[in-house]
Amino acid sequence: MIVAENLTKRYGGRGGVAGLHLSVGGGEIVGLVGANGAGKSTTLRTLLGLLRPDEGSVHIGAERYEPDHKGARAQVGYIPEMPELYTDLSAWEHLKFLGMIYGLDEAVTAARAEALLRRLALWERRDEDPLAYSKGMRQRLSVACALLHDPKVLLADEPWSGLDPLASFLLKEIFQELKEQGKALLISTHMLDTAERLCDRFVLLADGTVAAQGTLDAIRETAGVGAGSTLEEAFVTILRRRRQGEG
């Protein structure tokens, strides 16, 4: 459902991501994992079109993704690491405004907004300014904003940041339900234990390039570790090997 080919984004001739190939099918959750500065956020923002790639292409379904194409935008939802919310709009007004942007019928917007706010335990505070919310509440509102238009593809950048255990569990439930509905999910996270339990495949980034990708068994094989090894153990092994090769 989403395919990136030779995706490259440089900052001043260095950094970013280089020659990235990845795909996420419908009904699949792929974990994008890596150390800080590995290029995870750059990858997601370039896939989304918030950053223009220097090389490569992104396709949603059979079509090349262009961020200024309304049909393409309507297929993608995005949960940023830091919630990006408007000032002077209540949570309810946020969702009504987004419904207008996506061209949703008012009744559809209202029904979906209520369902999401209730599910995410925000309904009782829907008329408050989110700037008065806690970090976790703002993150939950960000999830509601990303899902309002029922996207086929969801990109999430460290979506568990700031969530308490109950909200974190709820979000994992929602992601699993989206997978069962045939959505394609690409989730960037440094929480490798969570990724291991939730994701079908993994893309391990190191210094802006793919160090390994595939199922957990494939990652273990690349790392040369045993069948009982965790994703974290396999990732650390691969990363250390790369750094020793550079030394």
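Computed from a prediction, not measured in an experiment: that's the story for all the values here. Side chains are part of it too, since the values below use all heavy atoms of this structure and drop only hydrogens, waters and symmetry mates.
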Please report the closest heavy-atom contact between [X] and [Y], naming both atoms and the distance.
X      : Y      : answer
Thr109 : Gly99  : OG1-CA, 3.6 Å
Lys179 : Leu185 : N-CD1, 4.0 Å
Arg242 : Thr209 : NH2-OG1, 3.2 Å
Ser57  : His59  : OG-CE1, 3.6 Å
Lys40  : Val33  : CD-C, 3.7 Å
Ala146 : Ile79  : CB-CG1, 3.6 Å

Tell me whether [X] contacts the main-chain N or O of [Y] through its side chain, where contact means a donor paired with an acceptor under 3.5 Å.
X      : Y      : value
Gln139 : Gly162 : no
Lys96  : Ala110 : no
Lys135 : Pro83  : no
Arg138 : Tyr133 : yes
Arg112 : Leu148 : yes
Arg140 : Leu120 : yes
Asp164 : Ala167 : yes
Arg125 : Ala91  : no

Spacing of [atom1] belonging to [X] relative to [atom2] belonging to [Y], to within rounding of 0.5 Å:
X      : Y      : atom1 : atom2 : answer
Leu239 : Gln244 : CG    : CD    : 10.0 Å
Arg197 : Lys172 : CZ    : NZ    : 5.0 Å
Tyr78  : Ser142 : OH    : OG    : 8.5 Å
Leu198 : Ile29  : CG    : CD1   : 4.0 Å
Cys145 : Glu84  : SG    : CD    : 10.5 Å

Quick one: do [X] and [Y] end up in the same hydrophobic cluster if we chain Ile, Leu, Val, Met, Phe, Trp and Tyr together by side-chain heavy atoms under 4.5 Å apart?
X      : Y      : value
Leu95  : Tyr86  : yes
Val153 : Leu50  : yes
Phe235 : Val225 : no
Val236 : Leu205 : no
Leu216 : Val203 : no

Chi angles and distances behind the side-chain contact (heavy atoms from CB on, under 4.5 Å) call for Val58, Thr46: CA-CA 9 Å; Val58 178; Thr46 306; 5.8 Å; no

Check whether any side-chain heavy atom of [X] lies under 4.5 Å from a side-chain heavy atom of [Y], and answer yes or no.
X      : Y      : result
Thr230 : Leu192 : no
Pro159 : Val143 : no
Ile219 : Ile238 : yes
Leu141 : Leu117 : yes
Tyr11  : Leu51  : yes
Leu171 : Leu163 : yes
Glu28  : Ser23  : no
His149 : Leu98  : no

Who pairs with Phe169 by ring pair (Phe, Tyr, Trp, His ring centres under 6.0 Å), at least two apart in sequence or on another chain?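 Ring pair (Phe, Tyr, Trp, His ring centres under 6.0 Å) list for Phe169, sorted by chain: empty.
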
Is it the case that over 12 heavy atoms from other parts of the model lie below 6.0 angstrom from the [atom1] atom of [X]?
X      : atom1 : result
Asp105 : CG    : yes
Glu232 : CD    : no
Glu221 : CD    : no
Arg240 : CZ    : no

Residues Glu177 and Arg119 bridged, charged N to O under 4.0 Å: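 A salt bridge links Glu177 with Arg119.
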
Below 4.0 angstrom, N of the basic side chain to O of the carboxylate: do Glu233 and Arg220 qualify? no

Is there any salt bridge (Lys or Arg N to Asp or Glu O under 4.0 Å) pair reaching into residues 145-162, and which pairs are they, with sequence neighbours excluded? Asp150-Lys183

For Ile2 and Leu186: C-alpha separation, side-chain torsions, deciding distance, then whether side-chain contact (heavy atoms from CB on, under 4.5 Å) applies. CA-CA 9 Å; Ile2 181 169; Leu186 180 62; 5.6 Å; no

Thr222 vs Leu204, test: side-chain contact (heavy atoms from CB on, under 4.5 Å). Steps then yes/no. CA-CA 11 Å; Thr222 299; Leu204 274 59; over 6 Å; no

Tell me which pairs pass ring pair (Phe, Tyr, Trp, His ring centres under 6.0 Å) where either residue lies in residues 172-206, with sequence neighbours left out. Trp160-Phe175

When you look at His21 and Val210, which way does the side-chain contact (heavy atoms from CB on, under 4.5 Å) test go after all the steps? CA-CA 8 Å; His21 294 267; Val210 176; over 6 Å; no

